2 protein chains.
Amino acid sequence: MATIHDVAKIANVSVTTVSRVLNNRGYISEATRAKVYKTMEELNYQPNEIARSLLRKQSNVIGLIIPNVSHPFFSELTNYVENYAYEQGFKMLLCNSQMDPVKEKDYIEMLKRNRVDGIIMGSHTLQVEEYKSLSSPIVTIDRQISSDIPYISSDNYAGGKLAAEMLIHKGCTKIAHICGNLGLRMLSNRRTDAFQAVMSDKGVESIIIQTDMNVFDQEQYELIMQRLLEEHPDIDGIFATSDIIAGYAVKACTAAGRRIPDDVKIIGYDDVNAARWMMPEITTIKQPIKQIGQMAFDLIMKQMNAEPFEVDNILPVSLIERATT
Amino acid sequence: MATIHDVAKIANVSVTTVSRVLNNRGYISEATRAKVYKTMEELNYQPNEIARSLLRKQSNVIGLIIPNVSHPFFSELTNYVENYAYEQGFKMLLCNSQMDPVKEKDYIEMLKRNRVDGIIMGSHTLQVEEYKSLSSPIVTIDRQISSDIPYISSDNYAGGKLAAEMLIHKGCTKIAHICGNLGLRMLSNRRTDAFQAVMSDKGVESIIIQTDMNVFDQEQYELIMQRLLEEHPDIDGIFATSDIIAGYAVKACTAAGRRIPDDVKIIGYDDVNAARWMMPEITTIKQPIKQIGQMAFDLIMKQMNAEPFEVDNILPVSLIERATT
DNA sequence: TGTTATATGTCAATCGTTTGACATGTCAAT
DNA sequence: ATTGACATGTCAAACGATTGACATATAACA
């Protein structure tokens, strides 16, 4: 790889001059500028960003830690974050924690060693203290860590309420709610809070089932849904905490000979693209994924530039009614 | 952020000594080692990988360029690549080209500026010459660029053949094939070659429709499928070049009142997780995505270490029969 | 007593780039 | 003839870490 010295030598100018055209500072004649550019072209020169980062103490890289990109919610989020970061001249290191605390910790340290300008945390298997050592800008998605670390989430309580009320409104009398691991301190647990509140408020019978949200473990979902329907054949409403789970619910109900939405009404969460690939299309609570991604990046930027920022960022959700309710 | 100098000063040893414990070289007493580690802990010191990369001329970063992580095939591939890279101590910069040649070119240059140790190209909107300037290790997925750049693909011809023959075997007499943009020089076009060969060989009527493979443009797929069924109501077999398109085919057929698999048999491609979220589950040609991801990374490593490697890497596919045929 | 393994230190160069300070021109306008 | 804008050069320090060469010191062993 050619260096700035090679360019200088070939173009017959000083390194300083090359640096000046590269960074557009000081006086440079058009002739020299052209000559330097031509030489860079010839040598296929690309300035070494590693050296620049070292000097500038800024890498223009952010890290994104999520459980797994294969989950539609995270793959869409990742896409938005990356795109938005790219527009602002930043790159993104992707880290799949696979919900493994050791790996998650390891990733955080790796990102620090690589001096990323900020970390977006979408995976939360660690204890709060573990984050304290993080000096770099950080923003969490769907988890509130401390009063000075900004977080973004959609309005989970409202979402849970919306879902629960819609099922009741549609006439459901026994509703199951499939959620993630409530032991993890995630804000998505508030969906469950809202669900329970509505159920007890309206006096509707309900069942809550926790899962570990591992999309890969397809069998887990199949089993859970199957058992649910066996143990509670009279269920007529299901509120799943993701569209994918809702999809499994649809399949299990159909397999059990129950019609959707006539016998059982199902509502998912997220409104990922996949919700429309399924048949029937999944009714769902839409999270503004694009906005979450952009806001996450913006909050990193604001911290980097020491601009003021909001710590609590709760985005609105909306009900998208499709064919499963 | 603390530097190695800070650690040395606080621990009351020389910088060289700290470096020695860090890199495990030379003689170090247990006492000193412990003292240094303790100090690093206290200062929350993480060695600056940027400085290391600069000196070592190796970043331990690879770049992955794909059209869009939101597409299940790529999100699964990304997950495998990242995981495998992580196991070997590498990080991954993710780049979504969005099928934009300008962006793709820009990404390649960005990755070069950042001195990544290798690039895995899964997006192919550029002309062959554009890749010639790439001095770093590179491997392409599903596209053959030149005789010295290794590529990986699954056996597309065999996959197309398998799909076509299975539909005919199941009694289809008029088969539509929905493929990607054949203008792009991708190896997946060989599926279409195989399809056509089988069709003409067996004398079965067929229709070929190109799409631009943009998963986000849901309406495009809906429209295409709808028009296809209107113009050719007698179609009884569909071979889609992805499971997602197959999903849309299922929906359109059902909407048109055609039963699956009785009236129309549908086969997809890839065998992504989503193929099993759909109902009925999609019959498909399985690509070994995990293996593709690992091999891509391995080929980068081999080039890096100047080890011998295979240029042509064609992985086997298999037919997974589910409910749509 | 001398030899050797162990332990640590000093020093300087290196990776590729940026930047400030300063010097030395040329050329045109006053 | 003087001034000032423009153009380019030289030089050195800095970013944070690694590494080889070399010096020095202690402890153990023969």
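Per chain, numbering begins at 1; letters A, B, ... match sequence-line order. Everything numeric in this text was worked out from a predicted model, so none of it was measured.
Contact check, A/Lys57 against D/dG16: a side-chain N or O comes under 4.0 Å of OP1 or OP2. OP1 and OP2 of D/dC15 both lie 4.0 Å or more from every side-chain N or O belonging to A/Ser53. Between A/Tyr27 and D/dA7 there is no side-chain N or O to OP1 or OP2 distance below 4.0 Å. Here A/Arg56 does not reach the OP1 or OP2 of D/dC15: none of its side-chain N or O atoms lies under 4.0 Å away. Dashed line: the shortest gap from a side-chain N or O of A/Ser19 to OP1 or OP2 of C/dT18 is under 4.0 Å. Put simply, B/Arg25 has a side-chain N or O that comes within less than 4.0 Å of OP1 or OP2 on D/dG20.
For the residue pair B/Gln98 and A/Asn79, a side-chain donor N or O sits within less than 3.5 Å of a side-chain acceptor on the partner. There is no side-chain donor-acceptor pair under 3.5 Å between A/Tyr151 and A/Asn313.
The pair A/Glu41-A/Lys38 does not count as a salt bridge, with every side-chain nitrogen at least 4.0 angstrom from each carboxylate oxygen.
Between the side chain of A/Ser29 and the base of D/dC6 there is no donor-acceptor pair of N/O atoms closer than 3.5 Å. For A/Thr3 against C/dC15, no side-chain N or O and base N or O form a donor-acceptor pair under 3.5 Å. Judged by distance alone with a 3.5 Å cut-off, no donor-acceptor contact links the side chain of A/Arg115 to the base of D/dG16.
For the pair A/Ile62 and A/Val116, the minimum side-chain heavy-atom distance is 4.5 Å or more.
In this structure, the nucleotide among D/dA17, D/dG9, C/dT18 sitting nearest to the side chain of A/Ser14 is D/dG9. Between D/dA7, D/dC11, C/dT18, one nucleotide has an atom nearer to the side chain of A/Val15 than all others, and that is C/dT18. Here D/dG9 is the nucleotide among D/dG9, C/dG9, C/dT17 with the atom lying nearest to any side-chain atom of A/Thr17.
Taking atom CD on B/Glu30 and atom P on C/dT6, their separation rounds to 13 Å, with Å as the unit. At whole-Å resolution of the value, CG in A/Leu54 and P in D/dA14 are 14 Å apart. Spacing between atom NZ of B/Lys35 and atom P of C/dA7 amounts to 13 Å, rounded to whole angstrom units. Atom pair A/His5:NE2 and C/dT17:P shows a separation of 8 Å (rounding to whole Å applied). One atom, CG of B/Asn60, and another, C1' of C/dC15, lie 16 Å apart when rounded to the nearest Å. Rounded to whole angstrom, the span from the CG atom of A/Asn23 across to the P atom of C/dT18 amounts to 4 Å. As a whole-Å value, the separation of A/Leu55 CG from D/dG16 P is 9 Å. Computed from coordinates, the B/Ile4 CD1 to D/dG16 P distance equals 12 Å when rounded to whole Å.
Of the two residues contacting DNA chain D, namely B/Glu49 and B/Arg20, the nearest-nucleotide position lying further toward the 5' end is that of B/Glu49. Checking A/Ala51 against B/Arg33, the closest nucleotide of DNA chain C that is more toward the 5' end is the one next to B/Arg33.
Backbone-only engagement by A/Ile28 is indicated by non-hydrogen atom pairs under 4.0 Å involving sugar-phosphate atoms exclusively. A/Asn12 comes within 4.0 angstrom of the backbone, heavy atoms only, and of no base.
Screening A/Lys105, A/Met99, A/Lys103 for a side-chain contact (heavy atoms from CB on, under 4.5 Å) involving A/Thr125 leaves a single residue, A/Met99.
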Discussion item. Evaluate B/Gln46 against B/Asn44 for side-chain hydrogen bond (donor to acceptor under 3.5 Å, both in side chains), listing each step before the verdict.
Written reply: CA-CA 7 Å; B/Gln46 297 285 356; B/Asn44 200 350; 4.6 Å; no
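Under the Watson-Crick or G-U wobble criterion, with both distances below 3.5 Å, D/dA1 is paired with C/dT30.
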